[in-house]
Structure formats: C-alpha cells, structure tokens
Amino acid sequence: MSHREHFGNPMIEQRKLLSGEAVAILEPKAIFEVSGEDRLKWLHSLLSQNIINLAAGDSTEALLLDANGRIEQIIHVYVDADSVWLTVSEARGAALLAWLQKMVFRSKVEITDRSQDFTAVATFKQPLRQDGVAVRFSWRDPWPVVQPGGVRYASSQPQFVSWVYFENLVPTEAVTGLEANWQSEGKLAGSLALDALRVAHWRPSEAELDDRSLPHELDLLATSVHLSKGCYRGQETVAKVHNLGHPPRRLVFLHLDGSGHEIPAVGASVNIVAEGETKQVGQITSVAQHFESGPIALAVVSRSTPVEAEFLVIDQNGSQIAATQEVIVPPTAGKAANLPPRRNLMGGRA
C-alpha cells in the first residue's frame, strides 16, 4: 500500500481514486525481470496461470503454490517484448527470488532484481501518463473478469464496474518530485483509501493469506488459475478440491455495525452465537471505512458456517461488533465433476 495512510480525508481520497483524479504511491515492491528465450515456457511450468500463450503487453495474475496446493505467492505478471516482469510485496520478495533461482537448472533464463529501480504507483480507470517520465509498464488487474481457464465461485457480485485498477512502474528516481507535485495538487491518496476500495470490491490480496490458504477459498480461481493447464507444483490439489471436494474455508464480505464508531483490527475473531454459546468460525483479514458502505471487512470463515448467519466480531481488547455477511465463496464451492457418491460407483446402494 501507499507510503502514508492518508494525506487528507480518506473518504474524499477514495472518490478521487475511483474517478481517476488521484494516484497512490505503493509501498516498496519486489520486482523481478525474467529474460531469456525460455522465459515463458519456464514460468508456465512453475506458476498456476497460462503464461506461455501471453503476448507482449498482456497482464495477468499467477500463484506460486506449495506441494499441497497452498498459496505461497500472489504474483502480478506483465509480459514485455523481451522479458516477463514479476512483482510481489517486498516482504515476500526474497522467498520468491530464492525459489526462482533454485528452479533455473538448464533453462535459458536470467533473473534480474529491479526492485530498487522502480516504484509502483496505483491508478484507476486508465494507466498513468506523466509528462517527462517514462513509465516502464502498467500492470492491469484482471479482477473481477474471469480469465480463460478460470472459474468464479461467487454467485453474486457488488457493482465491480468501477474496479479498473493499474499498478504502474515508475523510475524510483522520479518519484520524489512526482509525489511533491501530486500532493500540492491534491492528487495523492493514501493506503486507507486504496484498501477500502479493494475490500469493497471483494478483491483478495496477500492480506487474506495464511499458511493454509487455498486459491479456492479466496475465489482466486477466477483470475489466478488456469484449470486446464498442468505442469506446476500444487496442481493436483487444485484439481482435486475443485472437482471432487470443497475448500475447507471461504471468504466473506462483512458489513460491520458502525453505531459504536469503532472498527475491529485485522485478526479479530469472527463468531456465531448459538444456543447461548459463542463459537469462533474465522477471523478478520482486512478492514476499512468505505465512503458509501461505511465500516466493512473481509474475513475467512469455516465452510460449514451458515450463509444466513450473523456474526459477532470480537477484537483483542474484548470489544464486540455485530456484522452481517455477503457470500463470496459459497459452501457449495467445488464438486465441479458432479460425480455420484463413491459407494454408487462401487455398485452399492444410493
């Protein structure tokens, strides 16, 4: 997210961002340029997305999974004429670089760390155009459009039409001057505004990840996974959960009770109350104040949590906030193969 939480009123900043009247300078990113004649084929074999058929100028999103199909990296991918660019958060960059270097073997690829050379600037509606500054490229977020080979579990969606989001790589040496100009012109927004827009559009990010996260749980099969391609670590789990099983957890969007003028912290527990007992079913992963919807959040809850359940969010300080849910990933997600029960396949009774 951007270097500062806000530069003025976060609600006004949200409106300006969505209308294309403001930009947000993101926190430092890990940026890697992959060149060499095997670059597309090599990345295609490592990541969840169909990379090999991308053309120069294409943007996509891909996942690096572990052997059990859990998400290790959410990677923004941009294809240039002679190279492929990968960006992740600075905190996850070292792990990604180490993995890529380990997997080179005899492939004709070269990995260059460009993290110090460029800074990412977020814009909406259109890529950044800045006089006198050579923007290296503009990555367009594929969300919310279901990409070829993908599938969306969400049965309904908010009005996503306004989520036309770009991350533009600007030479770092030019950013200081640009930041001063944007701030003086009232065109600079902070992280609170940008994150509120992301949450309102149900857009999962690294904030939603933990060491158990499967792409199915976050509806990332829509933009990050090509279900017809093979040749990547974790593929078997992706296919098995989607075709034969159900993801054990699911992403939900929460409307928080704003009457107390408090919002919970990330990590607050999400609970249901049944028969006088309070039971934790998940936790808050992102929270924000939205200029139209008020206090909102994303949370990951257990699959078995009823879709009609109302929640009680309990913060670490003990404060309690009521919340209602909108289903993003339904409990029925998965079982796409629609096979009969195994006993029927074996000749048993229904």
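Under a hydrophobic clustering in which Ile, Leu, Val, Met, Phe, Trp and Tyr are joined whenever their side-chain heavy atoms come within less than 4.5 Å, directly or via other members, L18 and V164 fall into different clusters. Linking ILVMFWY residues whenever their side-chain heavy atoms come closer than 4.5 Å, directly or via other members, places I74 and W143 in the same cluster. I51 and Y232 fall into different hydrophobic clusters, where Ile, Leu, Val, Met, Phe, Trp and Tyr are joined by side-chain heavy atoms under 4.5 Å apart, directly or via other members. Residue L46 is not grouped with residue V225 when hydrophobic side chains (ILVMFWY) are merged at heavy-atom distances under 4.5 angstrom, including chains of intermediate members. Cluster annotation: I71 is connected to V300 through the hydrophobic network of ILVMFWY side chains, with a link wherever side-chain heavy atoms come within less than 4.5 Å.
Heavy-atom contacts from other residues, nucleotides or ligands closer than 6.0 Å to CD of E277 number 12 or fewer. Surrounding CD of Q280 are more than 12 heavy atoms belonging to other residues, nucleotides or ligands, all under 6.0 Å away. The environment of Q116 atom CD is sparse: at most 12 non-hydrogen atoms of other residues, nucleotides or ligands sit within 6.0 angstrom. The local environment of CD in E310 is sparse, with at most 12 non-hydrogen atoms from other residues, nucleotides or ligands closer than 6.0 Å.
Using a 4.5 Å heavy-atom cutoff, the side chains of L40 and V84 are in contact. Taking 4.5 Å as the limit, some side-chain heavy atom of L43 sits within range of a side-chain heavy atom of L86.
With salt bridges taken as basic N to acidic carboxylate O contacts below 4.0 Å, one links R92 and E206. Salt-bridge formation is detected for the pair R136/D80: a Lys NZ or Arg NE/NH1/NH2 atom is positioned less than 4.0 Å from an Asp or Glu carboxylate oxygen. Electrostatic pairing of E13 and K187 does not count as a salt bridge here, judged by no charged N lying under 4.0 Å from a carboxylate O.
Taking NZ of K41 as the start and SG of C231 as the end, the distance is 11.0 Å to the nearest 0.5 Å. Annotation: the span from R198 atom CZ to L194 atom CG amounts to 8.5 Å, rounded to 0.5 Å. Rounding to the nearest 0.5 Å places CZ of R39 at 12.5 Å from CH2 of W42. Taking CD1 of I31 as the reference point, atom OG1 of T172 lies at 7.0 Å (rounded to 0.5 Å). Note that CZ of R303 is 13.0 Å distant from NE2 of H216, once rounded to the nearest 0.5 Å. Note that the CG atom of D117 and the CG atom of L169 stand 9.5 Å from one another [nearest 0.5 Å].
The stretch residues 86-124 participates, sequence neighbours left out, in these ring pair (Phe, Tyr, Trp, His ring centres under 6.0 Å) pairs: W85-F118, F124-W163, F124-Y165.
Listed by chain and number, the residues in a salt bridge (Lys or Arg N to Asp or Glu O under 4.0 Å) with K240 amount to none (sequence neighbours excluded). Contacts of R250 classified as salt bridge (Lys or Arg N to Asp or Glu O under 4.0 Å), with partners at least two apart in sequence or in another chain: none.
The shortest non-hydrogen separation linking A323 to V313 is CB-CG2, 4.1 Å. Nearest approach of L244 to A337, heavy atoms of both residues: CD2-CB, 4.3 Å. The nearest pair of heavy atoms linking N50 to H226 is CB-CD2, 3.6 Å. Counting all heavy atoms, side chain and backbone alike, I263 lies closest to D315 at O-OD2, 4.2 Å. Minimum interatomic distance between Q289 and A196 (heavy atoms only, all atoms of both residues): O-CB, 3.5 Å. Residues Q325 and P306 come closest through the heavy atom pair NE2-O, 2.8 Å.
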- request: Start with the C-alpha distance between E167 and H76, add both sets of side-chain angles, then the distance that settles side chain to side chain donor-acceptor pair (under 3.5 Å), and finish with yes or no.
  value: CA-CA 9 Å; E167 290 183 359; H76 296 175; 3.1 Å; yes
- prompt: Under the side chain to side chain contact (heavy atoms under 4.5 Å, CB included) criterion, do T119 and L26 qualify, and how do the steps go?
  reply: CA-CA 7 Å; T119 296; L26 303 186; over 6 Å; no
task: Decide yes or no on side chain to side chain donor-acceptor pair (under 3.5 Å) for N168 and S138, but give the supporting numbers first.
output: CA-CA 4 Å; N168 310 270; S138 298; 2.5 Å; yes
- request: Would you sort out whether D210 and R249 count as a side chain to side chain contact (heavy atoms under 4.5 Å, CB included), showing the intermediate values?
  value: CA-CA 12 Å; D210 59 25; R249 301 180 299 174; 2.8 Å; yes
field: Intermediate values then yes/no, side chain to side chain contact (heavy atoms under 4.5 Å, CB included), M11 and K16
entry: CA-CA 9 Å; M11 306 299 178; K16 286 186 172 182; over 6 Å; no
- prompt: Does the side chain to side chain contact (heavy atoms under 4.5 Å, CB included) test come out yes or no for L128 and F166, once each step is laid out?
  reply: CA-CA 8 Å; L128 180 66; F166 297 86; over 6 Å; no
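In terms of modelled atom types and a separation under 3.5 Å, the side chain of E217 and the main chain of L214 share a donor-acceptor contact. Side-chain N or O atoms of S107 include none that pairs as donor or acceptor with a backbone N or O of V109 at under 3.5 Å. Of the possible donor and acceptor atoms, none in the side chain of S293 sits under 3.5 Å from a partner among the backbone N and O of H290.
In this structure, a donor-acceptor pair under 3.5 Å is present between the side chains of S286 and E208. S269 and Q283 form no side-chain donor-acceptor contact under 3.5 Å, judged by distance and modelled atom types alone. For the residue pair H242 and Y153, a side-chain donor N or O sits within less than 3.5 Å of a side-chain acceptor on the partner.
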Contacts table for residues 54-67: side-chain donor-acceptor under 3.5 angstrom, sequence neighbours left out:
| from | atom 1 | to | atom 2 | distance (Å) |
| --- | --- | --- | --- | --- |
| D58 | OD2 | A55 | N | 2.8 |
| S59 | OG | R140 | N | 3.1 |
| E61 | OE1 | R203 | NH2 | 3.3 |
| E61 | OE1 | T223 | OG1 | 2.9 |
| E61 | OE1 | S224 | OG | 2.5 |
| E61 | OE2 | R203 | NH1 | 3.3 |
| E61 | OE2 | R203 | NH2 | 2.9 |
| D66 | OD1 | N68 | N | 2.8 |
| D66 | OD1 | G69 | N | 3.0 |
| D66 | OD1 | R70 | N | 2.9 |

Under 3.5 Å, which donor-acceptor pairs do the side chains of residues 251-261 form with other protein atoms, sequence neighbours left out?
| from | atom 1 | to | atom 2 | distance (Å) |
| --- | --- | --- | --- | --- |
| H255 | NE2 | E326 | OE2 | 2.5 |
| D257 | OD1 | S259 | N | 3.0 |
| D257 | OD1 | S259 | OG | 2.9 |
| D257 | OD2 | S259 | OG | 3.1 |

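Alongside L312, the hydrophobic cluster contains V273, I314 (criterion: ILVMFWY side chains under 4.5 Å).
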